[in-house]
Visitor: 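If you scroll down you'll find the structure; I have some questions about it.
A, B, ... follow the sequence lines: proteins, then strands. Residue 1 opens every chain.
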Number of protein chains: 2
Amino acid sequence: MPTATLEPADSIRAAGLRVTTQRLAVLGALENMPHADADAIHRRVRSTQPDISLQSVYVVLGALTDAGLLRRIEPAGSPARYERRIGDNHHHAICTGCGAVQDVDCAVGHAPCLTPAPPAPLPGTGTGTGAGTGDVAGFRITTAEVTYWGLCPACQHLPASHPDKKENA
Amino acid sequence: MPTATLEPADSIRAAGLRVTTQRLAVLGALENMPHADADAIHRRVRSTQPDISLQSVYVVLGALTDAGLLRRIEPAGSPARYERRIGDNHHHAICTGCGAVQDVDCAVGHAPCLTPAPPAPLPGTGTGTGAGTGDVAGFRITTAEVTYWGLCPACQHLPASHPDKKENA
DNA sequence: GCACTTGTTGTGAGTGATTCATAATAAGGA
DNA sequence: TCCTTATTATGAATCACTCACAACAAGTGC
Ligand SMILES: [Mn+2]
Ligand SMILES: [Mn+2]
Ligand SMILES: [Zn+2]
Ligand SMILES: [Zn+2]
């Protein structure tokens with residue numbers, strides 16, 4: 001038995017979950033394909049567990065995400081994507097051409113982006129309640145999610161054509 | 001450009017689209033319910049056009065969004081929401097308890113996350129339609145989207161119960 | 001090692017949100 | 001008013017995901 005890695009199985013156990021081959025396989029797959037969606041993970045896992053169903057992958061992803069072992073992001077217009085990089089609220093740059101996702105470190109560090117405090121009252125459509133200072137419109141903010149949209153290096157060099165929305169193959 | 005000053009019919013025409021009662025109704029509905037989803041808009045529009053179908057509302061919303069007359073946001077775990085406030089890339093605070101959405105002025109210069117760690121900062125991401133151009137990890141960034149997650153004032157004062165995830169009915 | 005309990009997985013059906021295909025309709029110009 | 005063509009109406013279909021429940025297996029105790 002390869003006991004070299006103290007992580008996957010132990011982290012699952014530490015979360016109070018049972019260690020199953022499916023969970024190990026999903027974690028292992030994500031090791032090599034960060035920001036993959038459920039379908040891509042399923043295809044990858046199938047190479048070692050040909051009979052695992054997509055639904056089971058969903059269940060595993062949900063359990064691991066709830067346990068805090070995975071992070072799920074849900075970019076607009078894309079199925080949910082999963083990654084093992086957790087604990088830091090890092091952000092993402094997403095290519096509008098091909099959907100590629102790239103990690104972006106937050107400039108602030110580990111408890112980032114929790115002090116938005118817009119200086120001016122909200123001029124929104126009729127909801128200009130000048131909320132208290134320090135939070136946003138009276139909201140108690142716990143997370144700030146930042147998504148940068150643009151063109152990845154590859155798509156910048158393509159003509160204004162339609163690069164196929166390739167996933168991790 | 002002053003989209004707010006144009007009559008709905010004029011702005012539709014100016015976009016090169018035909019002025020229809022359905023489009024006027026959808027724009028009118030959103031006047032009073034910013035950040036509504038397709039279903040809520042459909043219910044509202046039905047009060048004046050009882051026979052309009054949800055699918056037609058989707059078509060109208062798509063056309064108006066493509067024309068730049070509406071902005072669509074797609075918060076995680078929520079159906080798409082639409083608003084008439086366009087032209088400024090403002091951000092949103094969303095309540096994890098009840099799903100309420102609140103406009104937040106772009107925090108350029110205040111929220112640290114708009115200045116990513118890698119090379120250049122993002123100029124004009126907020127005040128200019130997100131037309132600014134930055135560079136993150138080789139990406140040519142055109143828009144920075146910020147979502148603040150937390151509890152709205154109402155949900156802060158509720159016990160640990162789960163307020164119904166409903167909104168303007 | 002063997003059984004037992006219970007968390008997990010496998011399977012199929014079901015759901016919500018949105019899109020597609022196509023016929024019917026109506027907006028806007030001639 | 002007529003005509004062309006954009007737009008809407010309708011139903012079916014798709015996508016991503018969830019649910020219900022039976023079959024299974026991880027971890028515990030003997
Ligand atoms: Mn990431
Ligand atoms: Mn808004
Ligand atoms: Zn790309
Ligand atoms: Zn709330």
Side-chain angles (χ1 to χ4, degrees), chain A residues 1 8-27 29 35-43 45-46 48-67 69-70 72-82 99 165 167, chain B residues 7-27 29 35-43 45-46 48-67 69-70 72-82 99 164-167:
Chain A
M1 289 295 291
D10 289 328
S11 60
I12 292 174
R13 232 185 311 271
L17 298 175
R18 290 187 182 172
V19 179
T20 67
T21 56
Q22 293 86 339
R23 285 169 179 172
L24 291 174
V26 165
L27 284 181
H35 312 118
D37 60 26
D39 200 62
I41 295 166
H42 180 225
R43 287 196 303 274
V45 170
R46 264 189 165 171
T48 56
Q49 313 208 355
D51 289 335
I52 194 174
S53 68
L54 175 59
Q55 290 87 335
S56 291
V57 171
Y58 272 111
V59 171
V60 168
L61 289 171
L64 295 180
T65 301
D66 289 346
L69 299 180
L70 288 182
R72 167 170 47 222
I73 62 175
E74 299 176 46
S78 161
R81 291 156 178 269
Y82 299 83
K165 287 231 175 220
E167 288 284 312
Chain B
E7 285 296 315
D10 290 328
S11 61
I12 294 174
R13 231 185 312 270
L17 299 175
R18 291 184 182 174
V19 178
T20 67
T21 56
Q22 293 87 337
R23 286 170 178 171
L24 291 174
V26 166
L27 283 182
H35 312 120
D37 61 27
D39 200 62
I41 295 167
H42 180 224
R43 287 196 303 274
V45 169
R46 264 190 166 170
T48 55
Q49 308 201 259
D51 289 334
I52 194 174
S53 69
L54 176 58
Q55 291 89 331
S56 291
V57 170
Y58 271 110
V59 171
V60 167
L61 288 171
L64 295 180
T65 301
D66 289 345
L69 299 180
L70 288 182
R72 167 170 45 221
I73 62 175
E74 299 177 44
S78 160
R81 290 155 178 269
Y82 299 83
D164 33 58
K165 266 237 172 198
K166 215 58 219 114
E167 62 199 80

Visitor: Mind calculating the distance between CZ (R13(A)) and P (dA25(D)) to the nearest angstrom?
Guide: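 Result: 18 Å.
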Visitor: In whole angstroms, how far is the P atom of dA6(D) from the CG atom of D66(B)?
Guide: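 Whole-Å distance recorded here is 15 Å.
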Visitor: Rounding to an integer number of Å, can you tell me how far R18(A) CZ sits from dC24(D) P?
Guide: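 About 16 Å, once rounded to whole Å.
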Visitor: To the nearest Å, how far apart are D39(A) CG and dT14(D) C1'?
Guide: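 Spelled out: CG on D39(A) to C1' on dT14(D) is 14 Å.
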Visitor: To the nearest 0.5 Å, what is the distance between CZ on R81(A) and CD1 on I41(A)?
Guide: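 Output value for this atom pair is 10.0 Å.
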Visitor: If the sugar-phosphate is the primed atoms plus P, OP1 and OP2 and the base is the rest, what is the B/S/- string for nucleotides 16-23 of chain D, using protein heavy atoms under 4.0 Å?
Guide: SBB-----
Visitor: Quickly work out the H42(A) NE2 to dC15(D) P distance and round it to whole Å.
Guide: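 Interatomic distance, NE2 of H42(A) to P of dC15(D): 16 Å.
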Visitor: Quickly work out the L17(A) CG to dT28(D) P distance and round it to whole Å.
Guide: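 Answer to the nearest Å: 13 Å.
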Visitor: Choosing from dT5(D), dT8(D), dT11(C), which nucleotide comes nearest the side chain of R23(B)?
Guide: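 That would be dT8(D).
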Visitor: For Q22(B) and for Q22(A), find the nucleotide of DNA chain C with the closest heavy atom, then tell me which residue's nucleotide is more 5'.
Guide: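 On the 5' side of the pair lies Q22(A).
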Visitor: With sequence neighbours excluded, what pairs up with A38(B) under the side chain to side chain contact (heavy atoms under 4.5 Å, CB included) test?
Guide: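 Once residues adjacent in sequence are excluded, the partners of A38(B) under the side chain to side chain contact (heavy atoms under 4.5 Å, CB included) criterion are L54(B), Y58(B), L61(B).
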Visitor: Yes or no on side chain to side chain contact (heavy atoms under 4.5 Å, CB included) for I12(A) and L24(A), after CA distance, side-chain angles and deciding distance?
Guide: CA-CA 9 Å; I12(A) 292 174; L24(A) 291 174; 4.0 Å; yes
Visitor: Rounded to the Å, how far apart are I52(B) CD1 and dA24(C) C1'?
Guide: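 Value for this atom pair: 16 Å.
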Visitor: Is there a side chain to side chain contact (heavy atoms under 4.5 Å, CB included) between D39(A) and R43(A) once you walk through the steps?
Guide: CA-CA 6 Å; D39(A) 200 62; R43(A) 287 196 303 274; 2.5 Å; yes
Visitor: State, yes or no, whether a side-chain contact exists between L27(A) and V60(A) at a heavy-atom distance under 4.5 Å.
Guide: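 In short, these two side chains do not touch, never coming nearer than 4.5 Å.
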Visitor: Within the side chain of H42(A), is there an N or O that forms a donor-acceptor pair under 3.5 Å with the backbone of S56(A)?
Guide: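 Looks like no, no N/O pair under 3.5 Å.
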Visitor: Keeping R23(A) on the side-chain end and R18(A) on the backbone end, is there a donor-acceptor pair under 3.5 Å?
Guide: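 Checked: pair present.
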Visitor: Let me know the distance between CG of L69(A) and P of dT8(C), rounded to the nearest Å.
Guide: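 Value for this atom pair: 12 Å.
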Visitor: From the list dA9(D), dG27(D), dT7(D), which nucleotide is the closest neighbour of the side chain of S56(B)?
Guide: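 Of the options given, the side chain of S56(B) lies nearest dA9(D).
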Visitor: Look at all strands and tell whether T20(B) reaches a base, only sugar-phosphate, or nothing, counting heavy atoms closer than 4.0 Å.
Guide: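 The answer is sugar-phosphate, as T20(B) gets under 4.0 Å only of primed atoms, P, OP1 or OP2.
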